[in-house]
Amino acid sequence: MRLSRYFLPTLKETPAEAQIVSHRLMLRAGLIRQEAAGIYAWLPIGFRVLKKIEQIVREEMNRAGAIEILMPTLQPSELWKETGRYDAYGPEMLRITDRHEREPLYGPTNEDMVTEIFRAYVRSYRALPLNLYHIQWKFRDEIRPRFGVMRGREFLMKDAYSFDLDKEGARRSYNKMYVAYLRAFQRMGLTTIPMRAETGPIGGDLSHEFIVLADTGESQVFCHKDLLDMPVPEETVDFDSDLEAFVQQRTRLYAATSDVHDAARFESEVPEDKRVTARGIEVGQIFYFGTKYSVPMKAVVAGPDGKEVPIEGGSYGIGVSRLVGAIIEASHDEAGIIWPSPVAPFDLSLINLKKGDAKTDAACEGLYAKLTAARKDVLYDDTDDRPGAKFATHDLIGNPWQVIVGPRGLEKGTVEAKNRATGAREELSLEAALNRFA
RNA sequence: CGGGGCGUAGCGCAGUCUGGUAGCGCAUCUGCUUUGGGAGCAGAGGGUCGCGUGUUCAAAUCACGCCGCCCCGACCA
């Protein structure tokens, strides 16, 4: 992408409304524009990051055996009346009246609808286990949206729903999601710690929140230090194997958010030098909720003995749009965002320091053509800006690498590669640069 | 929803108390110079001062109503 033809509205000054660093950087780097309280338009590079996160989530869900569908944003209120949640959910749920005086709602979550889909088609235990997920915009009319996309009213969420014949099966489904979540977050460059959590309005009796540690986190968290460096299963992990031992190994260690924190237990279970007290951002939550929806909605299957039983369910959410903010909270510096490569808007910034200089232009065009041909996402800064302005812009938007091309280096036949995260610079020949990045 | 604050050019703000030609910096556009860490000079464009009603010869400024946004709290992916 040539920057001169792109749409990258960056701001030199910080908008007054942004209080936390990720919100400030998202506005300054031109990722989002607020359209109303808690409602944002995604601008080109913000949209790219959002899609990359979404794709990682999708790949890891698929790997774990979940199946993608897409349910609508608007839902008929009848479904919610069946489960009693139409009244239970309260004013957080956006209720709408259509031209026929019907009262659909903008979905804050999809348990009711997915259960309706399930019961319409599945009659036998032989179809189980089943895990259906989708990645769709949700709306929750928060009393006070804040922190940009971290706490918006409209947000993109991956939500998965598992269906099993019995508790043991539900537990296996839960464990798959537990592992898939660790993998997905790790691929985004995040260390997350699953923490025992309250089950909230969705209900159930087994739940973990996945927390990213960040100084600016919204909640106080407590955990065992060893959880910070525990390995995450490799890509080759067999999701059909018994994951219980792995999950046990992690859940045995104390980890809790302030809602459910038990100071006495924390102190008795965790040696003093292993106690971590920190701030964290919740980026995902998994629940086992049993028959909470299957009983009222009559989602039943015939078991091996021919008797109908309500399915055992769980639901599993990941805040996809929130993750954009969470990743920035966890990875930035004074100059701007530092994207982990897998979610960066571009693989690298190619910076032409002297647009109009024949040799510099030629070197840049050559690199751009070859890198693009090698299917790299390159943001080629071919604007007329001065070098200082370009450095500031590319540090701000945070692509992992900057390949800096100017007359000074080209005299010696070199270009410079700057690592955004470490600031380390290397002089490379044009050929070496190609080998490195193509 | 309770408490507090703010709406003036794309962004950041002054002007409001004490009514009288709507300003500054950044950004944008043009020209010249400049060119390895957010350049300089000269010029230009851009505003129903959030909306409405009222008071007044006259309202960004005063009064009332409404809307929007931000912060603290309770609530939440």
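As the structure is a computational prediction, the values presented were derived from the model and not from experiment. Quick note on labels: first sequence line is chain A, next is B, and so on, each numbered from 1. No hydrogens, no waters, no symmetry mates; every other heavy atom, side chains included, goes into these values.
Taking the six-membered ring for Trp and the full ring otherwise, the centers of A/His261 and A/Phe222 sit less than 6.0 Å from each other. Ring-centre distance between A/Trp401 and A/Phe437: below the 6.0 Å cut-off.
In this entry the distance linking CD of A/Glu411 with P of B/U35 reads 15 Å, nearest Å. Atom C1' of nucleotide B/C75 and atom CD of A/Glu282 are separated by 13 Å, given to the nearest angstrom. The CD-P distance, from A/Glu142 to B/C71, rounds to 13 Å in whole Å. Rounded to an integer number of Å, the gap from CZ of A/Arg146 to P of B/G73 is 6 Å. Across the protein-nucleic acid pair, A/Leu11 atom CG and B/U28 atom C1' stand 14 Å apart, rounded to whole Å. A straight line from CG of A/Asp381 to C1' of B/G38 spans 13 Å, rounded to a whole angstrom. Atom-to-atom, CD1 of A/Ile351 to C1' of B/G37 comes out at 10 Å; the value is rounded to the nearest Å. Distance CG (A/Asp384) to C1' (B/A39): 14 Å, rounded to an integer number of Å.
For A/Asp164 and A/Arg172, the salt-bridge test fails: no basic side-chain N is under 4.0 Å from an acidic carboxylate O. Using a cutoff of 4.0 Å between basic side-chain nitrogens and carboxylate oxygens, A/Lys355 and A/Asp382 are not scored as salt-bridged. A salt bridge does not link A/Glu92 to A/Arg153: none of the charged side-chain nitrogens sits closer than 4.0 Å to a carboxylate oxygen.
Counting only heavy atoms from C-beta on, A/Leu353 has its side chain closest to B/G36 among B/C13, B/C70, B/G36. Set against B/C70, B/G38, B/C11, the side chain of A/Leu396 has B/G38 as its closest nucleotide. Of the listed nucleotides (B/C26, B/C75, B/G36), B/G36 has the atom at the smallest distance from the side chain of A/Arg425. When the nucleotides B/C69, B/G36, B/G12 are ranked by their closest atom to the side chain of A/Pro15, B/G12 comes out on top. The nucleotide whose nearest atom lies closest to any side-chain atom of A/Pro387 is, among B/C76, B/U35, B/C70, B/U35.
A gap of 29 Å separates the C1' atoms of B/C6 and B/G45, to the nearest Å. Spacing of C1' atoms, B/C29 relative to B/U56, comes out at 41 Å, to the nearest Å. Comparing the C1' positions of B/U48 and B/U8 gives a spacing of 12 Å, expressed to the nearest Å. Rounded to whole Å, the separation between the C1' atoms of B/G47 and B/U21 comes to 15 Å. Separation of the P atoms belonging to B/A9 and B/G4 is 27 Å when rounded to the nearest angstrom. B/U53 and B/U16 have their P atoms separated by 26 Å, given to the nearest Å. Taking the P atom of each, B/U18 and B/U61 are spaced 14 Å apart, rounded to whole Å. A gap of 29 Å separates the C1' atoms of B/A77 and B/G5, to the nearest Å.
Across all strands shown, B/A14 forms no Watson-Crick or G-U wobble pair with both key distances under 3.5 Å. With both pairing distances under 3.5 Å, B/C51 is matched to B/G65 as a Watson-Crick or G-U wobble pair. Both distances falling under 3.5 Å, in either a Watson-Crick or a G-U wobble arrangement, place B/A44 opposite B/U28. With a cut-off of 3.5 Å on both pairing distances, B/U56 has no Watson-Crick or G-U wobble partner at all. Pairing partner, B/C1: B/G73, with both Watson-Crick or wobble hydrogen-bond distances short of 3.5 Å. Judged by Watson-Crick or G-U wobble contacts below 3.5 Å, the nucleotide B/U34 has no partner.
Pairing each heavy atom of A/Gly38 with each of A/Pro145, the nearest pair is CA-CB, 3.7 Å. Closest approach of A/Ala197 to A/Gln285, counting heavy atoms only: CB-NE2, 3.7 Å. For the residue pair A/Lys52 and A/Ala344, the shortest heavy atom distance occurs at NZ-O, 2.9 Å.
With hydrogens and angles ignored, no donor-acceptor pair under 3.5 angstrom links the side chain of A/Arg153 to the base of B/C76. The base of B/G3 is not paired with the side chain of A/Arg144 by any donor and acceptor separated by under 3.5 Å. No hydrogens or angles were tested; on distance alone, nothing pairs the side chain of A/Arg28 with the base of B/G10 as donor and acceptor under 3.5 Å. Contact annotation: side chain of A/Arg140 to base of B/C76, donor-acceptor pair absent below 3.5 Å. Between the base of B/G38 and the side chain of A/Asp385 there is no donor-acceptor pair shorter than 3.5 Å.
In this structure, A/Glu17 reaches the sugar-phosphate backbone alone: every heavy-atom distance under 4.0 Å involves primed, P, OP1 or OP2 atoms, never a base. Among the atoms of the strands shown, base atoms are found under 4.0 Å from some heavy atom of A/Gly409. Residue A/Thr14 is classed as a sugar-phosphate contact, given heavy-atom separations below 4.0 Å to backbone atoms only. At a threshold of 4.0 angstrom between heavy atoms, the contacts of A/Glu209 with the nucleic acid are absent. Residue contacts for A/Asp159: at a heavy-atom cut-off of 4.0 Å it reaches no nucleic acid atom on any strand shown. A/Lys355 comes within 4.0 angstrom of no nucleic acid atom, judged by non-hydrogen atoms across all strands. Within 4.0 Å (heavy atoms only), A/Gly406 reaches at least one base atom of the nucleic acid.
Each of A/Ala18 and A/Gly152 was matched to the nucleotide of RNA chain B holding its nearest heavy atom; the match closer to the 5' end belongs to A/Ala18. A residue-by-residue look at A/Met157 and A/Phe147 shows that A/Phe147 has its nearest nucleotide of RNA chain B further toward the 5' end.
Phosphate proximity of B/U34 to A/Arg386: absent, as no side-chain N or O sits under 4.0 Å from OP1 or OP2. At the phosphate of B/C70, OP1 or OP2 sits under 4.0 Å from a side-chain N or O atom of A/Gln34. Taking side-chain N and O atoms only, A/Lys12 has a distance below 4.0 Å to OP1 or OP2 of B/A27.
Where stacking is scored as ring centres under 5.5 Å apart with planes under 30°, A/Phe391 does not register as stacked on the base of B/G38.
Geometric assessment of A/Arg48 against the ring of A/Phe346 yields a positive cation-pi assignment under the 6.0 Å and 45° thresholds.
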